[in-house]
Structure formats: structure tokens, C-alpha cells
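Shown next, in C-alpha cells, is the structure this report addresses.
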Amino acid sequence: MNTKDMTYSEAIRDAISLKMRTDEDVFMLGEDIGVYGGAFGVSRGLIEEFGPERIRNTPISESGIAGAAVGAALTGMRPILELQFSDFITIATDQIINQAAKIRYMYGGKGKVPMVLRTPGGSGTGAAAQHSQSLEAWMAHIPGLKVVQPSSAYDAKGLLISAIEDDNPVIFYEHKLLYGMKEPVPEDLYRIPLGKAVIKKEGTDVTVIATSVMVHKALEAAKLLEAEGIEVEVLDPRTLVPLDEASIIASVSKTGRVVIVHEAVKRAGFGAEIASVIVESDAFDFLDAPIERLGGKAVPIPYNPELEKHAVPQVSDIVEAVKRTLQRGKEV
Amino acid sequence: MISKEIPASLTTKQILELYHQMWLIRYFDEKVDEFFARGAIHGTTHLCVGQEATAAGACFVLAEEDKITSTHRGHGHCIAKGADVNRMMAELFAKETGYCKGKGGSMHIADVDRGNLGANGIVGGGIPIAVGAALTSKMKDLGYAVLCFFGDGAANEGSFHEALNLASIWKLPVVFFCENNQYGMSGPVKEMVNIENIGDRASSYGIPGRIIEGNDLFAVMEATGEAVERAKAGEGPTLIEAKTYRWKGHSKSDAKKYRTKEEEQYWRKEKDPIALLAVRIINDELATNDELEALQLQAKKQIEDAVEFAEKSPAPSLATLELDVYA
């Protein structure tokens, strides 16, 4: 397969284009996705190729357009709904939680809602409290939804193709700070199955389980620790629902020490779920130290850049957590 | 009050079928009421007794491929869209043979294959979904229209505004049908809306609004027929407000303290939609009283059979608990 250097946002756009060229039922709707190209430029150029019928610019009506996506999906389309900021999911939640997630079950296994809700989460852009949250744990809690959090351009493309082809509502969390990140991505269509984690770096001493932008921070931390002779394994679950429990358990069973890191607020964050999966499994017997869990502070994301930065885990926090876990518990 | 004149396009057979269907709806809900009162079925339910003309009249003008979205008070819509009362009753009895295999209950009966996209437990929740279904019709050039039922209460939800705006700018084939039964649970529409007619809100979306007598079957058919035709011709949505009244309380635990007995009696005595139709049929000499009574008894018997079917049906096995969460 030929590869090309693509940014995260180009890879997402590429996935959308490839599916739209081959499947007439796939279309996009969202606010300012037309000539403006989307709040973060992801849909730039798509209206020129596919026209305004299939790149459907909408009024500012998150509840209405989410419901329209549900109704279109229920009657045979495969809508891709873009919400400009993942914080705005609060306005669309009735349609996502009460309708999309439950329709198939409530109807006794009849009907399906094959839609993707793409939306960027995360802090780091100075957008403050209502445009910087990471609310993925909310969605992961709801039976009937799938939740995806790609951390790289390659993953984003392959996961989005799978999400569009999936017959269920999929919440696809992008990250604002990743949009410009570049790597070689195959030009053709390929799929990364939902529910398959990836080891981003192999190691033997400690497993760092990280999601979204934290994968990159974990890799940086791993590099620093490598200089000190500590071999960190970095595992990215890529999808929270379904969660690749087997890969997590295997890695932890190998290393015996775990640091879990996400940007979302630590309290009741998805890291608690991952920690529980580990201690409820046979990996418990392999644990040599208590699990370290890093997450955002329990504060709204502040505007001041230094405050904002300190509201979420940084590379140094991961380095320290890895060292703590090596100092605690049994001898290595 | 007397109903409008019977449209010339209707055959006597069709009129009598509608008369029968309205009784079927009424007996279904009265039977459900009886079982809830006895504690024979659990959960909750919302009955449409007294509103039979809106469901029967509006669905009558639909073609088979047309779709509906319904509400928590949706048994009538379901029957009028052609659902099997046996499977509906079985659903209320939480049985495996029910429309949702016993997992949905009263508020979630759907028959997606036959165009019933489902009742809805969230007030106003179905309105944007109807818009999405209409969008599919337009994008795939399928030619069907969507009839979207909701109540006066839902007309104050944000989803109402967002959905009507979307459908109007995109000229979608959808008919917004507001059953104004005067109360959103205990809230009288006069206290909750600052204008006389919800139908007047149509003008703010640049679409036609119709305000009709919802207990007059022919008024409902005429307005809905025109709106569906308009939708299918690519002219966009219409908002219809049908004034009606629910005879029963909001749900099973409602002492109805918010309204008077006199008001209830007025709607029952003067505006019973089935009685209005009967008077018209007799006046026009389309059937005798005996013939009408036979149709009524036939409906009653069908509901008794439905109860028997439901009672005899098996419960879903516990093995189905975690099935169908995902497609």
C-alpha cells in the first residue's frame, strides 16, 4: 500500500472521502462544515467534491441535528455528524443517550442506528471551561454506544472507516491538539477494528495505559525513562467501548506494574474502569505494586495557560508515576 | 357539534372500517386501563381514550411506505398504522411475542419494517427523528412522507423548534401533527403557552399551519391529506394542530385535580369522536345502528382475543437480557 504523510485531520477527511465515494448512504451534517470547512478545518474541500446535499451545513441546533442523524440512520442512511466541540454533546444528549443508544434494544432487536458522531475534545487551546472538556466516560457508561479515541493519524483513519461501517452509534472523540500531527498513512482504504488496542511502544518494566493526547505524553515520558534504564510499555486502548481487555491484561501480566493516564477528570474517569478490569482479572496476581492512576484535576478547565496546563497530566507527572510504581510494592 | 361532511372520495366500506378502528383503539386502551387498575400489568401507561380521531384520521391518508413517529401516548397511532393488537397487548404484558419482545413496554412500541419508527418516552424526542427519516426520503428520492405525532407539551421543547426549523429550511416531506389534548401532564396549555393556537407557530418557520377540530375524523383526514400531498410534492412541511382531549389522566397515577368534572363531561358528551362519527354515518344513512353496534362488538372481541393471546404467550427468557444492545 502506498503511504503518504498525512495530518490527523487529513487522515479523518480521507476516511470520510473514501467512504463517501463508495457508499451513497454516507453523508455528513454539522455546523459550518460547508465552505467554512468545519470549526477545525476537518471537512475542508469536501463540499466542493460532494456538494451541499451530502455535506450538509446545518443551523446551530445540536439536539435537532443529532436527532436528524438518528432518524436518517434508522431509515437507511449512514450519517456522520460533526459537533464542533465535544462539550456541545450536552445539548445533543437526549438524542444520543435516550434515542440512538437505546432504539435497537427497546424495539426488541429491530431497527439499527448506524451513525458516527465525530467531535473534538480536550484542553490545551485556551478555549476555557466550556470548550475543553473530555467527557468520554459519560458516553462509555451508556449501553448501546461505542466510544473511540484515536491518538494518531493512522489510527484515526482506520478507526473512522470501521466506525462508519459499524451498524451502531459510535462516538468518535478527536483531540484538538492532534489535528496537526503528521505521520505516514496508507492512501487506500483500511480498517482498524473497534475493540483492538495497540502497543505503541514495547517495554518490560511498567505498562502505561494512555488514551488520546496522553499517548504522546506517555511516549515522551517513556523516552526520558529509557535514558535511566526503565523500559516502559505504552498501550493505547484506541476504543473504550468495546474495550480490548485481553491486551490490557496481557501487558500488565508481563510487566506487573501499571500507570493509567487520561486527560479527563480523574474522579470517575475511564481510568477507574481500566483499573477495575485489571484487578478483577488474573493480572491481579501479577501486580507488583498498586496501580497508579493519573487524570485531570477536578476543576473546570481554566483559561490562564499555566493553570490550564496544570489541570491535566503532563510528561513529568507520568515520569514520576512510573518511578513511584517502581518504588512501591515488591522488589523488581 | 356535528362532524364535517364525508369526503366524496371515501367509500362506505372505508368509513365503516375507520369506525371499527376507532373502537379498536378505545377498547385497547380501556382494557389496558382496567389491567393497570387491577395491577395485572406493571410499569406505567398513557391512554388516548377520547383522541381516537387524530390517530385514525391522520394515519388513514398515509400510504404503506409512509412513516410515523409517535409519542408516549401512542397506542392509537400504532393501531392506526396497522399494528397487530395481539402483539401490542403482548408487549404491555411484557411477553416474548410482543412487538419489542417484552423489552420496551407501552412507551416503545415500534414496527420499523412497516414504517412505525416508534413511540417515545421523551416528550418531543421523536420530532427530530421524524425530520431525519424525512431527510432519508429526500436524499434517496424514496417518495415517502413522515407523519410526526407530538402533543401540546412537546411544542414547548427545544427539539420542536430545532426540528421545525430544520425541516422548513430543507423543505422535507414531513407533517408535524400536534395533538393538543389541553394538558401536558397537569399543565393546562393555556398556562404554558402564551398564544391561543400552537398551530400559529408555523408562521415563524415560514410553513403552513392548520388549526383543526381534532375530534372530527374528517377534519383530521382533510388537513392531513393535504399536508401529506404537499410534503410529497416537495413543498415542505406543514404544522397541524388538532384540538382534542384525553378522557383519562396523564398516566396511571393521576387524580386529575387540575381540571373540572364539568370540563371532562363536556368533552365526553359533546365531542366524543366516535359518537360524532356515528351521528354522521346514521345521518347519511351509510349504516344502521345495528350494523354499527356489530362493528363495535367486533372490536371489543378482538381486544379480548388480544388479551387471551398476551396471557397465553411466554415470557422472554432471561437469556435475552443482554441480547440486542448492539446490532
Side-chain angles (χ1 to χ4, degrees), chain A residues 24-27 29 52-54 56-79 81 91-95 97-115 142-146 166-170 194 241-242, chain B residues 67 69 91 96 98-105 107-113 115 117-122 124-140 142 144 146 148 157-167 169-170 172 174 316 320 322-327:
Chain A
E24 279 290 314
D25 294 340
V26 179
F27 74 103
L29 72 168
E53 281 288 307
R54 295 181 71 202
R56 203 163 264 272
N57 215 26
T58 72
I60 304 165
S61 303
E62 288 81 7
S63 162
I65 61 179
V70 174
L74 185 59
T75 47
M77 303 296 284
R78 289 187 175 273
L81 169 66
I91 319 167
T93 35
D94 172 55
Q95 288 299 332
I97 292 178
N98 287 323
Q99 316 293 342
K102 294 178 174 53
I103 279 177
R104 187 173 178 82
Y105 189 84
M106 285 192 308
Y107 294 1
K110 300 275 182 50
K112 55 184 187 186
V113 186
M115 64 178 277
I142 304 302
L145 299 180
K146 294 188 177 181
D166 200 278
D167 279 339
N168 299 284
V170 179
L194 306 186
V241 183
Chain B
K67 301 188 189 302
T69 60
E91 186 56 37
E96 189 191 32
Y99 267 104
C100 312
K101 299 180 186 163
K103 286 173 170 175
M107 284 189 282
H108 304 300
I109 298 178
D111 190 1
V112 179
D113 298 339
L117 301 179
N120 210 304
I122 304 296
I127 313 178
I129 295 177
V131 169
L135 181 59
T136 299
S137 178
K138 186 173 184 182
M139 289 185 76
K140 297 179 92 147
L142 297 174
Y144 68 73
V146 184
C148 170
E157 288 278 8
S159 60
F160 166 87
H161 168 64
E162 296 191 11
L164 267 72
N165 183 56
L166 263 188
I169 59 168
W170 289 345
L172 297 180
V174 54
T320 67
E322 292 180 275
L323 284 186
D324 296 325
V325 178
Y326 291 96

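Note that these values count all heavy atoms, side chains included, but never hydrogens, waters or copies made by symmetry. All chains are named by letter (A, B, ...) in the order of the sequence lines, taking the proteins before the strands, and each is independently numbered beginning at 1.
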message: Can you tell me which of K110(A), K102(A), M77(A), K146(A) forms the most heavy-atom pairs within a distance under 4.5 Å of chain B?
response: M77(A)
- prompt: Can you tell me if CD1 on I60(A) sees more than 12 non-hydrogen neighbours from other groups inside 6.0 Å?
  reply: no
Minimum heavy-atom distance between A130(B) and C148(B), given as atom pair plus value: CB-CB, 3.5 Å
message: Does any part of the side chain of V241(A), heavy atoms only, come nearer than 4.5 Å to the side chain of L145(A), both counted from C-beta?
response: no
task: Check each atom of L135(B) against the heavy atoms of chain A and say whether the ones under 4.5 Å are side chain, backbone, both or neither.
output: side chain
query: When only pairs under 4.5 Å are counted, which of N120(B), T69(B), D113(B) shares the most heavy-atom pairs with chain A?
result: N120(B)
Choice from E24(A), R54(A), M106(A), Q95(A) maximising heavy atom contacts with chain B below 4.5 Å: M106(A)
message: Report which part of D111(B) has an atom under 4.5 Å of a heavy atom belonging to chain A: side chain, backbone, both, or neither.
response: neither
- prompt: For chain A, which of G104(B), S159(B), A163(B), G125(B) has the most heavy-atom pairs under 4.5 Å?
  reply: G125(B)
message: Tell me if the NZ atom of K112(A) is crowded by more than 12 foreign heavy atoms within 6.0 Å.
response: no
message: Using heavy-atom distances under 4.5 Å, tell me whether Y326(B) contacts chain A through its side chain, its backbone, both, or neither.
response: both
Sequence neighbours excluded - salt bridge (charged side-chain N to carboxylate O under 4.0 Å, His left out) pairs with any residue from residues 58-79 of chain A: R78(A)-D167(A)
- request: Side chain from CB out, backbone as N, CA, C, O: work out which of these in L142(B) comes under 4.5 Å of a heavy atom of chain A, or both, or neither.
  value: neither
message: At a 4.5 Å cut-off on heavy atoms, which part of A119(B) comes close to chain A: side chain, backbone, both, or neither?
response: backbone
message: Quick check: do M139(B) and D25(A) have side-chain heavy atoms less than 4.5 Å from each other?
response: no
Shortest non-hydrogen contact between G132(B) and T75(A), atoms and distance: O-OG1, 4.2 Å
query: Quick one: of K103(B), K101(B), M107(B), E91(B), who has the most non-hydrogen atom pairs under 4.5 Å with chain A?
result: K103(B)
Pairing residues for N98(A) by the side-chain hydrogen bond (donor to acceptor under 3.5 Å, both in side chains) criterion, not counting sequence neighbours: D94(A)
Choice from P79(A), G109(A), G76(A) maximising heavy atom contacts with chain B below 4.5 Å: G109(A)
